[in-house]
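Letters go in sequence order (proteins before strands), and every chain restarts at 1.
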Amino acid sequence: MNAFAPGLPTPQVTSQEKALGRATYAGDLKIAGMLHAKLLRSPHAHARILNVDVSRAIALPGVRAVFTGDDVPQRAWGVKHKQQHVLAREVVRFVGEEIAAVVAIDEDTAEEALDLIRVEYEPLPALIDPSQALEPNAVKVHPGGNLADEIGIVRGDVDSAFAEADIVHEETYTTHSQYPGYMEPMATLATTDGSGKLTVWTATQSVFLARQRLAEALDRPVSTVRVVQPTVGGGFGGKIIEERSSVIAGFLAAATDRPVRLCLSRIDDMLSGAFSVPMKIRLKMGMTRDGRITAKDVSIRADCGAYAGLAPEVMLVTAMRSDNMQRLEHTRSHAQLVYTHTMPRGAFRGFGGTQMAFALNSHLTAMADLAGIDPIELHRQNAIRTGDLSIHGWKIGSCGLPECLNQIEGAIGWTEKRSRPKQRGVLRRGIGMAAAMHVSGNRTMGNWDGSTIVLKVNEDGRVVVLTSEADVGQGSNTMLSQICAHELGVPLSHVSVQTPDTDFTPYCLGSIASRVTINAGKAMIKAAREARETILAAAAEKLGCDAIDLTIEDGVVQSTSNANHFAKLPDICRYHIFRHGGEGIHIKATHDPDTVMMDGDHYGNIAPAYSFAAQAVEVEVDTETGQVRLIESWLSDDCGKAINPLAVHGQSNGAAVQAIGWTLCEELQFEEGRLMNGNLADYTMPTADSVPEMHSSIVESMDPNGPLGAKGASETAILPGAPAIANAVFDAIGVRITDLPITPEKILAAIAAQKEKRDA
Amino acid sequence: MRDFHYLEPRTVSEATAMLADHGEEACVFAGGTALILALRQRMMAPGVLVSLGQLEEMRAIRFDPKEGLLIGAMARHNDIARSKIVRQHYPVVAEMAGGLANPQVRNQATIGGNLCYADPSTDPPACLLALGAELTIKGQHGARRIPMDEFNVDYFTVAMEPGEILTQIRLPPPDQEVTTFYRRHLRTPAEHRPVANLALAVRNRGGAFEDVRLIVGAATPAPQLLDGVQDYLSGRSVTAEVAAEAADRAAEEMFPISDGRGDEGFRRQVVRALTRRLVAEAANLDWKETE
Amino acid sequence: MMAKNRISLEINGEAVEADVRPNRLLSDFLRDDLALTGTKRGCETGVCGACSVLVDGDVVKSCLSLAIQMNGCSLTTVEGLACDGAPSPLQKSFMECGGLQCGYCTPGFLMAASDLLARTSRPDVATIRKNLSGNLCRCTGYQGIVDAILDASEKMHGT
């Protein structure tokens with residue numbers, strides 16, 4: 001039983017059905033009488049819809065219904081900005097916005113019907129370039145103007161701190177959008193059942209946030225919607241509450257009163273969600289000669305596309321999170337989020353952290369060079385430490401950043417590689433590093449970041465765990481099972497975690513903000529311990545001994561003082577039911593962390609713990625073709641305590657490769673707001689043969705607020721990749737790329753400019 | 001995907017007869033990897049697909065000392081990559097075929113389908129051109145042979161008439177004194193299709209290049225024979241400087257395409273790099289040392 | 001609507017006869033007609049490899065194949081890899097070595113790995129990576145998958 005105790009590498013509890021091909025995803029589900037849907041999209045970035053003629057589409061045999069913006073609820077949905085409808089009404093605001101939906105007997109028929117819909121548009125001038133958004137005469141995306149959000153944070157006396165700095169460095173960085181690229185395109189099956197209830201099986205990271213949004217978008221009471229999470233094929237932030245297809249599918253089922261399945265093709269998936277938020281970041285920092293950071297001034301312009309979604313929250317992270325990684329006293333941040341007539345942008349693994357990690361780490365390596373200090377040393381010197389209160393009021397209960405830095409430094413052979421002579425050949429190698437932090441949990445949505453576990457011990461002594469925290473592949477069900485089995489004293493195989501279902505499993509926020517391990521893990525410990533006490537009390541009664549003497553191991557209740565006093569768990573569980581006044585063992589436990597919501601000045605300890613990571617990479621730059629190839633990657637993640645090291649390594653490796661993709665090979669190409677490479681042949685995500693062996697190591701800083709010391713893993717690991725690569729490219733060829741992605745063309749242009757400068 | 005009829009002739013003449021019967025409605029179906037994509041995206045909507053899948057005679061790969069290597073047009077890329085005959089006599093072809101696209105596509109797509117589709121972003125044409133390939137094309141009224149030089153006309157266009165089928169690719173017997181080099185370049189390591197490739201066949205006689213054939217592919221609408229560079233290199237003893245000069249001339253002489261994978265300037269630069277490397281390699285020079 | 005054509009083939013060791021329209025994709029035929037939903041659709045453009053199956057032992061993309069092409073062929077899908085319902089050694093290695101997370105790409109990788117291991121009993125890392133280039137995974141960074149295939153090759157073929 002101890003083979004899979006917390007701390008030991010444990011295969012996912014869902015791994016067998018996945019390996020057998022039997023795990024059921026939303027697109028695998030069928031209901032008798034099920035219809036299929038396809039979506040019609042706007043070809044215009046900005047236009048008025050004058051008329052939609054669906055008569056020919058409806059007349060096509062096999063078509064059951066066609067809906068347009070005139071048919072959907074007038075109530076708008078959104079996170080804070082309520083501005084979207086199930087289908088666009090009157091105006092379209094980006095190329096790809098859904099304007100009509102066809103429901104038919106099969107996908108081919110629905111697809112054919114799309115060609116028969118005639119839409120008359122009045123094209124309007126479009127705002128594509130975010131730098132033009134706040135110009136006085138700019139075209140307005142929404143009646144209230146193009147400023148979606150603005151943040152200003154000032155701490156300390158920044159101007160004086162700059163005046164006292166020995167070294168001041170200023171640079172502008174730009175980051176581009178990334179597509180989450182989960183392998184399962186969004187799929188939803190929705191149905192009504194004659195009772196007034198709408199049931200929706202959808203690929204989601206949060207059933208309750210999904211239900212809330214469906215209720216709002218469909219303008220119906222929350223309790224008339226039931227959301228169930230099937231197996232989900234990855235999310236990476238893209239399956240929270242910005243993708244639009246699950247809302248449309250829910251509407252179509254309700255409107256037709258029939259089961260409707262909407263499985264997106266890859267291009268539809270790329271057009272139906274939100275890419276990550278592109279930003280332009282101006283960063284100015286001051287430092288003393290010996291490497292102490294004295295002042296930091298950040299200015300951000302972010303583009304959320306046509307609708308705000310989660311982008312304001314994302315931008316807030318960019319504006320201030322990385323400040324907490326270092327011991328800073330004087331910081332200033334000003335960030336503006338603007339609308340454009342382009343695709344919506346929003347949540348993505350790292351949630352705004354990647355953008356700033358790129359700027360900050362590029363900057364710090366440049367400043368380290370200016371001061372003649374090793375960048376790892378610079379990070380180490382300024383790193384926040386366990387017990388610190390950060391500049392924004394974050395209580396750092398554990399910080400393994402220095403250890404992360406030590407690990408990567410040793411692993412890659414940093415000192416030796418840094419001291420080697422600069423290469424002069426066609427292929428040049430270089431090394432670079434970066435460090436980052438992330439939250440574990442975040443008290444932003446209402447004044448609650450809790451998690452509830454309902455635990456049922458069956459009459460055979462096996463356990464069913466009810467939770468609505470979503471395992472989307474990261475392995476949270478395994479983590480919960482390990483904790484439960486360990487605390488209760490049963491084999492791992494005797495624990496099963498039920499699928500999230502808003503009508504049956506308790507209210508939870510789901511897989512966002514790296515919150516599940518720390519919050520649900522704590523709730524799990526609480527529930528399992530309470531169940532244990534319940535079992536021991538019943539056993540004590542049955543065996544006629546003192547509960548304090550009893551333990552449970554491998555499914556057997558045993559007295560520690562009398563070897564003859566023991567009972568098998570099933571006997572106790574049956575005893576708990578089958579007696580006068582008995583009942584099954586049903587435990588409910590909630591853990592809500594001791595955190596606060598940020599105040600109006602964005603101050604306050606929002607998370608129970610904070611995770612850290614550092615990464616060092618070696619690259620080889622082909623100076624003739626501009627190609628950059630990763631040679632080595634070493635990533636160290638401080639996740640507090642790795643409850644399942646197999647899962648933590650998996651998360652770190654996956655995040656590192658996703659970061660490589662963002663930095664070197666993934667580039668969404670737009671022309672006038674139209675996505676030009678909406679397929680996986682032209683939007684190239686890393687393949688197995690394009691990356692080297694990924695090395696991952698773990699630092700266990702044992703957070704006092706974490707379950708068994710654990711914090712969140714996975715999001716932190718995506719943060720340092722891009723700047724580590726950019727720094728390594730600089731080390732290799734002496735040119736710094738400040739705008740992502742690092743394309744062959746940019747490398748070649750930078751080398752050419754460098755040569756011109758040298759020859760001049 | 002629209003509906004269509006699917007016909008499976010048992011002989012080549014049956015196939016050409018079917019194509020003649022159905023005229024413009026018909027389309028030849030080989031491995032299907034490119035065609036199915038085109039059908040799904042509704043770029044094409046033929047009423048009839050004439051599948052060559054049952055024509056076993058068109059799968060064979062054999063070697064004849066006089067004729068050379070005979071590759072049936074329905075041989076899949078992996079059939080070529082794994083063929084002992086090909087690996088023995090034309091290792092550069094086996095290597096090219098074994099690196100093309102990805103394992104699944106190599107098990108599905110055929111060399112004939114690849115050549116007839118004439119998508120520029122692919123590997124075989126330039127390589128086969130460098131080796132002096134000759135193609136056998138059959139129509140309802142008989143067979144003809146044309147040199148590979150005349151086959152690729154333009155972007156997605158080849159020198160075939162409607163109703164014709166490419167049945168065989170012949171590579172002349174290898175000349176032991178001629179060495180062929182081939183290299184593909186991917187824009188990034190994660191790419192699936194080449195942004196440029198280059199094939200160089202050369203007789204290295206006492207340090208001097210003779211009978212030079214230099215072909216650039218994937219970066220041009222159709223594989224392009226770089227006559228000017230060939231002339232420049234012919235009879236020349238190749239030094240690093242000569243390789244660099246040849247590279248500059250190649251970049252100048254080519255007619256690049258420009259798309260999402262790379263604009264003209266980028267493609268010229270990649271071809272410059274590939275040329276310098278291949279020419280240096282052919283002369284046993286180390287291209288990595290200096291810029 | 002076009003007439004259907006009768007095809008006979010073998011899938012996972014069982015004889016199958018079916019009437020298919022010529023334009024039926026193999027991936028749709030497996031998933032929608034035969035309920036073999038382990039084969040996944042991920043891109044429909046032949047890039048992601050989630051739909052990979054073995055045809056006469058060769059790994060192919062079923063989204064780039066027509067069902068009608070399979071007449072007379074022998075197919076293996078992910079459902080055919082198990083031994084009496086239990087995971088095969090290769091499947092076990094994927095489970096134990098972190099070769100899967102969300103699981104969506106897993107069937108495709110298993111088929112590509114099956115093809116590789118049938119040809120090369122002890123592939124090196126470079127060979128493994130090259131032979132996975134037709135499959136995409138967004139969760140694992142490929143490390144767990146490479147580790148799993150190495151582990152399986154060791155267990156299946158010894159050191």
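The residue among Glu107(A), Glu666(A), Glu17(A), Gln474(A) with the most heavy atom pairs within less than 4.5 Å of chain C is Glu666(A). Of the listed residues (Leu646(A), Asp471(A), Thr24(A), Asp108(A)), the greatest number of heavy-atom pairs within a distance under 4.5 Å of chain C belongs to Leu646(A). Your options are Gln12(A), Gln651(A), Arg22(A), and the one with the most heavy-atom pairs under 4.5 Å with chain C is Gln12(A).
Heavy-atom distances place the backbone of Val232(A), and not its side chain, under 4.5 Å from chain C. Of the atoms belonging to Pro686(A), heavy atoms from both backbone and side chain fall under 4.5 Å from chain C. Contact of Ala23(A) with chain C is made through the backbone alone, with heavy-atom distances under 4.5 Å. Within the 4.5 angstrom heavy-atom criterion, only side-chain atoms of Glu44(C), from C-beta onward, approach chain A. Residue Ile660(A) does not touch chain C at all, counting heavy-atom pairs closer than 4.5 Å. Heavy atoms of Pro645(A) lying under 4.5 Å from chain C are absent altogether. For chain A, no part of Ala126(C) is nearby; none of its heavy atoms comes within less than 4.5 Å. Contact annotation for Thr231(A): only side-chain heavy atoms (C-beta onward) come within less than 4.5 Å of a heavy atom of chain C.
The line from CE of Met270(A) to SG of Cys43(C) is 11.0 Å long, rounded to the nearest 0.5 Å. Atom CG of Asp106(A) sits about 9.5 Å away from atom CG of Asp32(C), to the nearest 0.5 Å. Rounding to the nearest 0.5 Å gives a distance of 14.0 Å between CZ of Arg41(C) and CE of Met183(A). In this structure, Asp689(A) CG and Arg129(C) CZ are separated by 8.5 Å, a value rounded to the nearest 0.5 Å.
Closest approach of Gly141(C) to Val691(A), counting heavy atoms only: O-CG2, 4.4 Å. Nearest heavy-atom pair, Ala19(A) versus Val78(C), reported as atom, atom and distance to 0.1 Å: O-CG2, 3.7 Å. Contact between Cys48(C) and Leu680(A) at its shortest, heavy atoms only, is CB-CD1, 4.1 Å. Nearest approach of Gly103(C) to Tyr25(A), heavy atoms of both residues: C-OH, 3.0 Å. The nearest pair of heavy atoms linking Gly234(A) to Cys102(C) is N-CB, 3.3 Å.
Note on residues 86-96 of chain C: pairs passing side-chain hydrogen bond (donor to acceptor under 3.5 Å, both in side chains), not counting sequence neighbours, are Ser88(C)-Gln91(C), Ser93(C)-Asp151(C).
Counting only heavy atoms from C-beta outward, the side chains of Gln16(A) and Pro87(C) approach each other to under 4.5 Å. You'll find the side chain of Leu100(C) reaches within 4.5 Å of the side chain of Ser15(A), heavy atoms only. For the pair Phe236(A)/Cys139(C), a side-chain contact is recorded, criterion being any heavy-atom separation below 4.5 Å from C-beta on. By the 4.5 Å heavy-atom criterion applied to side chains, Gln143(C) and His649(A) are not counted as neighbours. When side chains are defined from C-beta on, Tyr104(C) counts as touching Pro185(A), because their heavy atoms get closer than 4.5 Å.
Against chain A, the residues from residues 131-138 of chain C that qualify, each with a non-hydrogen atom under 4.5 angstrom away, are Leu132(C), Ser133(C), Leu136(C), Cys137(C), Arg138(C) in number order. Contacts of residues 61-69 of chain C with chain A at a heavy-atom distance below 4.5 Å are absent; not one residue qualifies.
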_If you apply the rule side-chain contact (heavy atoms from CB on, under 4.5 Å), what do you find for Lys40(C) with Asp28(A), and how did you get there?_
CA-CA 9 Å; Lys40(C) 298 301 182 199; Asp28(A) 301 332; 2.5 Å; yes
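No donor-acceptor distance shorter than 3.5 angstrom exists from the side chain of Lys18(A) to the backbone of Thr106(C), with no hydrogens or angles considered. Using a distance-only test at 3.5 Å, with no hydrogens or angles considered, no donor-acceptor pair links the side chain of Glu184(A) to the main chain of Gly42(C).
Taking the side chain to side chain donor-acceptor pair (under 3.5 Å) definition, one finds that Ser697(A) meets it with Gln407(A), sequence neighbours left out.
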